[in-house]
Amino acid sequence: MIKDTLWTLLAVVVFPGGLFAMALGLALKGVERRAIARLQRRVGPPLVQPFYDLVKLMRKRTLIPDTANRFVFLTVPLIGLAAMGVAAAMIPIPGFYQPSPLLGDLIVLFYLVSVPAVALMLAGSASGSPYGAIGFSREMAIVLAYEGPILLSLVAVALHAGAAMGQPIALNLSDIVNYQQQHGAFLFDPWLLPAFLTYLSFIPANLGIAPFDIPEAEAEVLEGPLVEYSGPPLGLLKLTSAIKSVVVIGLGVALFFPNGPDGIAGLVVFALKCVVMVLAGALLKAAVGRMRIDQAVLFYLKWPELLGVAGLVLVAARL
Amino acid sequence: MTFLKILWDNLRKGPSTEAFPFGEATTPAGYRGKVTFDAATCVGCNMCEHVCAAGAIRFAEADDGLHFVIWHNTCVSCGLCAYYCPTKAIKLSNDWHLSHLQQDKYTQLDHGVVAYKRCTSCGDKLLPTGSVLTQLAYKGPNPRAERLMDLCPECRRKASTRGEAI
Amino acid sequence: MTDASTIKDRVMSIARMIRGEFSISENRHGRVTAWITLADKDDLIATCHALKAFDARLSMITALADRNAGFNLLAYHFDIEGSTVTVKVKLVSGASIDSIVPIFRNADWHEREFMEFYDIKCTGRTDNRRLFLDESVDGRVMERLIPLSVISNAASTNMLFERLITDREKQ
Amino acid sequence: MKSFNMPVGPLHVSLEEPMYFRIDVEGEKVAGLEITAGHVHRGIEYLTAKRNIYQNLALIERVCSLCSNSHPEAYCMALETIAGIEVPERAQYLRVFADEIKRVASHMFNVAILAHVVGFESLFMHVMEAREIMQDTKETVFGNRMDLAANIIGGVKYDIDAAQSAYIISQLDRLEPLLLNEIIPVYETNATIQSRTRGIGRITREHCIEYGLMGPVARGAGHGYDVRTAAPYAVYDRMDVEVITYPDGDVWSRAMVRLKEVAASIRLLRQCLRDLPDGATDAGPLPFIPAGEAVTKVEAPRGELVYYVNTDGTDIPARVKWRVPSYMNWDVLHLMMVGEGISDIPLIVNSIDPCISCTER
Amino acid sequence: MNFFSTAAKKSPWLYRINAGSCNGCDVELATTACIPRYDVERLGCQYCGSPKHADIVLITGPLTARVKDRVLRVFDEIPDPKVTVAVGICPISGGVFRESYAIEGPIDRYLPVDVNVPGCPPRPQAIIEGIAMAIEIWAKRT
């Protein structure tokens with residue numbers, strides 16, 4: 001029991017949560033920035049640029065605005081980071097890492113994934129700046145818009161996997177991964193295609209990739225919820241968003257295409273899948289502009305929502 | 001779709017970034033940069049000071065000659081001084097490496113002394129006329145005029161009344 | 001594009017209507033430049049109405065202080081299809097003029113501007129706040145009576161050059 | 001619905017220049033707007049009365065760097081009118097050339113910023129890279145990328161020789177296909193640009209007349225006033241000036257007018273080089289300016305620019321006054337913004353191409 | 001040079017303050033900071049939307065009377081350590097606008113300036129040169 005707890009703690013703090021997820025997340029950010037630079041005919045920053053940025057921020061002074069709620073302002077970044085550390089530890093890396101059941105199931109993970117968004121909302125409103133407030137309301141609108149589709153997508157996969165394994169619903173991510181390791185990835189199952197597309201459409205909104213980078217739109221609301229942050233807390237917020245990209249992409253990989261070799265090669269394949277997703281994100285970011293918040297919300301309520309429902313109906317019809 | 005093609009072309013063509021600051025930057029020959037001053041050709045007409053909108057040019061009289069000072073930190077490189085300079089003693093180079101640290105702010109200047117000549121007759125000081133101006137005025141060398149130019153205005157007047165005028 | 005003679009006729013008809021000085025010239029493109037100096041500032045509104053009826057557009061209002069005569073001039077510049085008509089009004093210092101905003105909407109900022117730069121008042125307006133001048137600056141900066149030293153807060157060229165020379169001598 | 005007051009500026013990243021708005025916001029919609037001006041007021045009109053006519057050339061060029069050629073041009077024209085100076089024909093052509101090359105750079109900057117405001121960074125960079133072709137040309141021909149210092153009283157102080165002419169044409173040959181085959185089609189068809197800019201910030205032709213609007217803002221609403229054809233100056237009467245209008249009066253129309261004008265300006269630049277006559281580039285040195293007054297107007301990139309100059313026979317002008325197109329175009333922001341979303345504020349502000357440094361002087 | 005200053009040297013974030021400039025320097029700053037031809041991201045630079053994120057602040061314009069207080073307030077919002085660069089002759093000496101009633105500058109009357117980049121406007125390469133000087137100072141300060 002104690003050993004289990006220790007291992008779990010290690011998983012959260014060092015691998016695959018904590019330090020490892022941070023490193024991977026920052027490296028992915030570096031890859032993204034470099035890729036976008038190349039698409040725009042630029043040289044771009046070195047791949048390790050996000051590490052430099054983070055280290056630099058850790059040494060800057062923290063300014064707390066007079067209008068801000070000091071306690072909330074400073075703790076919120078930590079909450080987001082902690083949630084993401086735990087979430088990262090819950091993502092199985094096939095053939096390499098199996099999360100401990102102590103960490104909880106798919107439902108817990110679903111809630112953890114929305115914590116950074118909530119943290120960002122709190123950060124925005126705690127900062128007491130009008131831009132932060134607008135960032136807050138936009139973040140809220142977009143979260144409400146994508147929460148539905150993502151839930152539908154998760155439920156569809158869980159139902160499908162559950163039926164295949166003879167359970168009512170499979171909520172354990174490891175089981176879902178193991179099933180796919182043996183019976184082939186869900187990505188190639190046409191019945192799950194709508195669910196997969198729904199998940200894909202959720203990624204840019206959650207990670208703040210164009211055209212859905214509305215809450216942090218620099219030209220409109222400065223950087224929205226981040227506007228009043230500086231120094232280490234800003235670094236933590238940036239770090240959180242880096243880990244979040246690992247979690248969200250990792251969850252997608254686990255749900256739809258976990259297959260890979262055993263051992264360290266499995267880890268490499270996992271990282272490569274993340275890189276491919278990030279490159280696709282970079283292409284999207286470089287190829288489009290930003291939507292208006294009402295357009296984005298309408299978009300989610302229309303297409304991903306419909307796709308999500310369709311996906312669930314398809315899966316249910318097969319049961 | 002048009003834009004995806006542009007992105008693809010971008011990727012294919014590779015970065016268009018200039019080498020500077022890690023390599024040399026190209027500068028057109030006609031770039032209006034740092035002002036240069038040639039005291040030898042200056043005739044002290046003050047036209048450059050007169051047309052300078054930013055007050056970057058100052059002439060001051062001293063014992064040894066006419067002092068010319070240009071402060072680059074207020075020069076707008078409009079080129080009016082060079083355009084209106086009758087002898088082209090003032091020119092704009094294409095040097096743009098003007099960035100400097102704050103402690104050097106007040107040393108960013110060029111200085112030239114248009115040295116006084118002594119009148120060959122009475123020894124009074126006078127401003128040299130400069131050969132470029134004589135060339136302009138007489139379209140060629142003129143020994144009598146040049147002798148007159150070595151005299152101060154007072155001696156020149158006397159010389160003229162003696163019938164040495166041109 | 002424009003029948004210049006008609007514009008000329010239109011301007012002439014206004015000129016006949018008002019009291020004051022008048023001059024007109026035409027360039028090689030047939031565009032007219034007309035100058036009207038009103039004898040009475042109260043004729044301004046009537047003149048503006050007449051110009052408006054001829055599709056004139058207000059392009060600018062210039063205020064200027066006459067250095068010697070001790071009065072201010074307001075010059076209203078109008079554009080009629082590329083031709084320029086300027087209506088000038090003389091004002092003694094501190095006098096007021098009727099607002100033409102009801103006739104030409106875009107006169108608003110111009111009127112606010114001459115009110116803060118000159119000793120001219122404008123009647124019949126709602127918004128009389130300063131437009132460009134900061135509160136820390138004394139008003140009426142364009143009146144020639146105010147010397148530079150009173151209103152300037154920036155470093156002067158002389159000060160800077162004194163510093164330059166002393167720094168150079170120190171080296 | 002939650003309503004609050006949002007300050008924009010004076011130092012806001014999406015505003016190139018300091019301008020201060022207080023915007024009443026209801027939810028995500030703009031309910032009211034108040035403008036506070038004066039942050040870039042440098043007292044230039046006051047300075048013109050302290051400096052002589054030559055110094056004023058360089059001073060007036062720095063009213064604004066985006067229309068920096070139009071200001072000295074109109075100022076010189078006014079002094080030439082007062083003194084009755086005939087500007088040589090070659091100089092007239094060179095003035096048109098400088099005018100148009102500035103128009104290209106200014107319009108391209110504005111449409112690039114539009115892409116930046118809608119978060120379309122790649123497009124922004126693409127347009128700016130194309131603009132660099134023109135910047136290089138200016139730097140080579142005039143010696144500076146922004147302030148051309150082309151005009152002097154009685155003519156211009158630069159000249160174009162055969163080698164430069166060939167260079168300019170090669171640069172135009174690079175820019176033109178980029179503009180016609182890539183940039184204009186993207187603005188015409190791209191989904192993001194379309195969905196963000198069409199139908200936003202609408203005004204009508206009647207508004208243009210009522211507010212006295214100018215330039216691409218008016219032409220984007222179907223009001224085709226252009227000084228180059230309405231009151232030709234320099235040699236514009238001999239040029240094939242196209243007045244481009246779009247009927248809709250929205251943000252997109254204004255951007256399209258600018259893009260099409262860039263294409264038209266490139267054709268004018270070619271025409272200038274082709275028709276450039278031989279001769280002097282100025283009317284002789286140091287003219288005497290008698291007492292007098294004149295009003296001149298030119299078409300700056302943003303619309304009609306009016307100059308009034310009054311001289312008293314000394315070489316310090318008694319009064320120099322000007323009005324820039326943005327001066328009136330500001331007022332219409334009330335009309336454009338109310339009822340639009342907060343995301344559209346920077347977009348609408350940018351669409352009138354506000355030149356604050358011009359307006360506030 | 002320790003680990004922190006090595007990292008900081010590679011990550012100088014830029015912020016621009018317009019203190020009443022004529023646009024010229026601002027357009028050139030936007031050009032320098034954002035377009036592929038000059039690509040300051042190579043140097044680890046990044047333009048930020050909030051002064052609180054900035055390390056190197058670029059100031060343009062002669063500091064007009066009305067914008068002065070705002071500029072000073074925004075400058076104070078930039079957390080230390082920071083480096084200030086005056087871009088263009090206006091903030092350095094007032095340039096052509098010196099001696100106007102509306103000008104409060106030169107900017108070093110109110111703010112500590114570290115690097116001056118004269119020019120009207122300076123070409124982008126000159127601005128990069130100034131930023132490079134500022135980065136050296138910035139690395140020493142962290």
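Atom set for the values below is all heavy atoms of this structure, side chains included, hydrogens, waters and symmetry mates excluded. None of the values given here were measured: they were computed from a predicted structure.
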Under the criterion side-chain contact (heavy atoms from CB on, under 4.5 Å), which of A:Asp53, A:Leu57, A:Leu234 is the partner of E:His53?
A:Leu234
What do you reckon, is NZ of E:Lys10 surrounded by more than 12 foreign heavy atoms closer than 6.0 Å?
no
Backbone of A:Val43 reached by a side-chain donor or acceptor of E:Asp39 within 3.5 Å
yes
dist E:Lys52:NZ -> A:Ile64:CD1 (nearest 0.5 Å) comes out at 10.0 Å
Selection from A:Pro46, A:Gly44, A:Ala37 maximising heavy-atom pairs under 4.5 Å formed with chain E
A:Gly44
What distance separates A:Gln49 CD from E:Arg42 CZ, expressed to the nearest 0.5 Å?
13.0 Å
In Å and rounded to the nearest 0.5 Å, what is the NZ to OG distance from A:Lys60 to E:Ser11?
9.5 Å
Please name the pair of heavy atoms, one in A:Arg61 and one in E:Pro79, separated by the smallest distance, quoted to 0.1 Å.
O-CB, 3.5 Å
Rounded to the nearest 0.5 Å, what separates atom CD1 in E:Ile35 from atom CD in A:Gln40?
11.5 Å
Taking every non-hydrogen pair under 4.5 Å, which of A:Gly231, A:Ser230, A:Pro45 racks up the most with chain E?
A:Pro45
Could you tell me which residues satisfy side chain to side chain donor-acceptor pair (under 3.5 Å) with A:Glu147, sequence neighbours excluded, listed by chain and number?
none
Do the side chain of E:Glu41 and the main chain of A:Arg34 share a donor and acceptor less than 3.5 angstrom apart?
no
Does any pair with a residue in residues 112-127 of chain E pass salt bridge (charged side-chain N to carboxylate O under 4.0 Å, His left out), and if so which ones, sequence neighbours excluded?
D:Glu139-E:Arg123, E:Asp114-E:Arg141
E:Ile78 and A:Leu63: which non-hydrogen atoms are nearest, and at how many Å?
C-CD1, 4.3 Å
